[in-house]
Amino acid sequence: MRRVELLEEIIKRRLLYWPSSEIYGGVGGFYDYGPLGVQLRRNIVEKWRRTFVLPFQDLIIEVETPIIMPEPVFKASGHLDHFTDYVVGCTKCGRKYRADHLVEEELAKRGLKISTEGLSAAELERLIAEHRIVCPNCGGPLGRVESFNLLFKTTIGPYSENAGYLRPETAQGIFVAFPRLAEYVGRRHPFGVAQIGRVARNEISPRGGLMRLREFTQMEIELFFDPQNPKCPYFAEVEGLEIPIVPEELVAKGQTEPLFLTAREVAARGYANEWMAFFMALAAKFLKELGVPLERQKFLGKLPHERAHYSAKSYDQMVLTERFGWVEVSGHAYRTDYDLSGHMRHSGREMYLERRLPAPKEVEVVRIYPNPNAIREKYGDRIGEVIKAIKENEAYVAKTFGEGRQEVTVGEYIVTRDMVFIKTEKRKTDLEKFIPHVVEPSFGLDRIMYAVLEHALAEEGGRVYLRLPADVAPINVCILPIVKRQDYVEIGRSLRRELATEGFLVWYDDEGTIGSRYAACDEIGVPLAVTIDERTPTDGTVTIRDRDTRKQVRIGLRDVAKFLAAVRKGVSFDEAAKALGAMPV
RNA sequence: GCGGCGGUAGUCUAGCCUGGUUUAGGAUGGCGGCCUCCCAAGCCGUUGAUCCCGGGUUCGAAUCCCGGCCGCCGCACCA
């Protein structure tokens, strides 16, 4: 725990992050990020984009959607029903249980298999009373069943009945915009949509610093593909990468040790489809490059009852931390067509893509023809709009009536069966509609940032510093005149301005001893330090120092930017020095 | 939400048990200056604390009691 304490102290003192609303006592689960924290987060986000989005930009696009969405979205997504927990407490020992789980388990013990899916609090209470279920811990009587919804609720506009919710995942904004996004990519598939943004969950008890926040940042991709063709065109690029994986079947046996398989093996053994394996391989590489070695990562298969309501298969990417043990930094879910189907059902909007058949086939098409007389009877002059709405949702209308229902809502109109004629026609086509399936990798930025900090912490002798990867370090370089002398200071300040203009984050300091300034820079993970000394004013050279080895070389002032750029790109200190013809010190 | 422990300058911490020389002490940091030419050196000055909040006990509370907030640990929860 000593290392954890050292890290905590640096985080507080150097203001990476701290509890929000502190002067009013603070609220659990909310944190502010300071200047260094913001920069570190931004760099991690950019690295994520460089890993998951930019290389595949012909396939994966990026959007940004609102944090607040209206109630129907979460009705359709299942969050209003499934994001609610029913909790029941023992009146004697005070233990709390998930009411639905408790009822199912207790009745299962008595050989009664029932599903509590969709039951209300009152119905659960009735079951508890009926079957005389008591506290499994102490046998005491159970109290009232209370419901707890993890969605933050708010109202949109001045009318309180217009409910809105803070999104619990960025995904829904993407699903809801699916028709437009599909149009943007020319209705080709597969395609993916990335989103980085804030989400909120009203957690019962936030705990563990950044590990369980009520508001946090997600980096997600919804990858839409044809379930009949689950091939990932870029799979060859990752198939050799290793994935430490504990597949479901081993989790079920109680195994926690991962198998180290290549992405190819993971897909071949059916542990995940190519798309999931693709993202998992990239995720493992991403965390590795952030400083978390593969041996401290694993992808844990989720058993059916552990999965979210929308998921047919899930892996949690876990990393081993000193402070919290194994924590989930990303979730990889196979969401099937759950979300798009749900939104299609609730909104009436079509969520199809088309696949081309190898040979044209004759299909029966159910066509809908509006019955103007019947429509005018009910809607009068608005007949034009109604007909337009019916035409736009022809397939949906046909399907609904096909199921034998007598009315259907399209847009703001209720269309009854008598308002349309339904005709079955035969047609040749080589297109077939389908609702795409979705594979979703979802990353928690805040947790990743913590894991990165913990893994970066280095303690050597009396020295404590952050060995952050150069491309995520919040500050790129420190500029330090060896002493505070006017000509050194001037050179230092102008170098600072020059580098800043070129897009580097620069820390300038001319106060105190050089040793303590090096230490202060190392402590926040600045990879390089430039020192201006007696040679600088005469020959225009400076020394540049490597954070990890404290090794120094001498380069020309005009090469500093090149050196920084190389190191930020991943070139080692020695290689950068060699490439620029640096002189040993 | 339950139980245990904790909360003193930016940071770390002494004092609390045993209430009163404590205008709450130290270290480190910040700021100004001196000195300083390579890995947290020295000197001078200065700045720093709602002792978490509220209430109670008492002549007197950082200190004792109660409630709350926040944090840590365990249990529960984490769709």
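Every heavy atom of this structure was used, including side-chain atoms; hydrogens, water molecules and symmetry mates were not. What you see is a predicted model; the values in this text were computed from it and never measured.
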Quickly work out the [X] [atom1] to [N] [atom2] distance and round it to whole Å.
X	N	atom1	atom2	result
A:Leu6	B:U28	CG	P	18 Å
A:Met211	B:C72	CE	P	11 Å
A:Lys12	B:U13	NZ	P	8 Å
A:Ile11	B:G71	CD1	P	16 Å
A:Glu8	B:G6	CD	P	20 Å
A:Arg2	B:C12	CZ	P	14 Å
A:Glu440	B:A79	CD	P	13 Å
A:Glu306	B:C77	CD	C1'	14 Å

- Report yes or no: does A:Arg207 contribute a side-chain atom to a donor-acceptor pair with the main-chain N or O of A:Arg212 at less than 3.5 Å?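 Answer holds: no.
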- Item | Pi-cation contact, A:Tyr488 with A:Arg485 (under 6.0 Å, within 45°) |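 Yes, a cation-pi geometry holds between A:Arg485 and A:Tyr488.
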- Message: Could you check whether A:Arg547 makes a cation-pi contact with A:Tyr465, meaning its NZ or CZ is under 6.0 Å from the centre of the six-membered ring and within 45° of the ring axis?
- Response: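 No, A:Arg547 does not lie over the aromatic ring of A:Tyr465.
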Taking atom [atom1] in both [N] and [M], compute the distance separating them and give it to the nearest angstrom.
N	M	atom1	value
B:G3	B:C39	C1'	49 Å
B:C5	B:G48	C1'	30 Å
B:A41	B:A24	P	32 Å
B:G33	B:G60	P	48 Å
B:C43	B:G4	P	48 Å
B:U63	B:G7	P	11 Å
B:C65	B:C70	P	22 Å
B:U58	B:G20	C1'	12 Å

Check [Y] with [X], please: is the shortest side-chain N to carboxylate O separation under 4.0 Å?
X	Y	answer
A:Arg323	A:Glu454	no
A:Lys75	A:Asp81	yes
A:Arg550	A:Glu460	no

With both distances under 3.5 Å as the test, what is the Watson-Crick or G-U wobble partner of [N]?
N	result
B:A9	none
B:G42	B:C34
B:G1	B:C75

- For A:His332, the option from A:Phe299, A:Phe279, A:Tyr315 that meets ring pair (Phe, Tyr, Trp, His ring centres under 6.0 Å):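 The ring pair (Phe, Tyr, Trp, His ring centres under 6.0 Å) with A:His332 is passed solely by A:Phe299 among A:Phe299, A:Phe279, A:Tyr315.
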- Task: Select from A:Gly26 and A:His79 the residue whose nearest nucleotide in RNA chain B is closer to the 5' end of that strand.
- Result: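 It is A:Gly26 whose nearest nucleotide is closer to the 5' end.
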- Does A:Arg323 put a side-chain nitrogen or oxygen below 4.0 Å from OP1 or OP2 of B:C72?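 Result: yes.
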- Item | Per-nucleotide protein contact string for nucleotides 32-47 of chain B, where B marks a base within reach and S marks sugar-phosphate only (heavy atoms under 4.0 Å, - for neither) | ----BBBBBB------
- Message: Please classify the nucleic acid contact of A:Gly209 as base, sugar-phosphate, or nothing, using heavy-atom distances under 4.0 Å.
- Response: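 Sugar-phosphate only.
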- Message: Could you tell me if the side chain of A:Val464 sits less than 4.5 Å from the side chain of A:Glu523, heavy atoms only?
- Response: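 No, every pair of side-chain atoms sits at 4.5 Å or beyond.
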- From the options B:C70, B:C75, B:A79, select the nucleotide whose nearest atom is closest to the side chain of A:Val27.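 The answer is B:C70.
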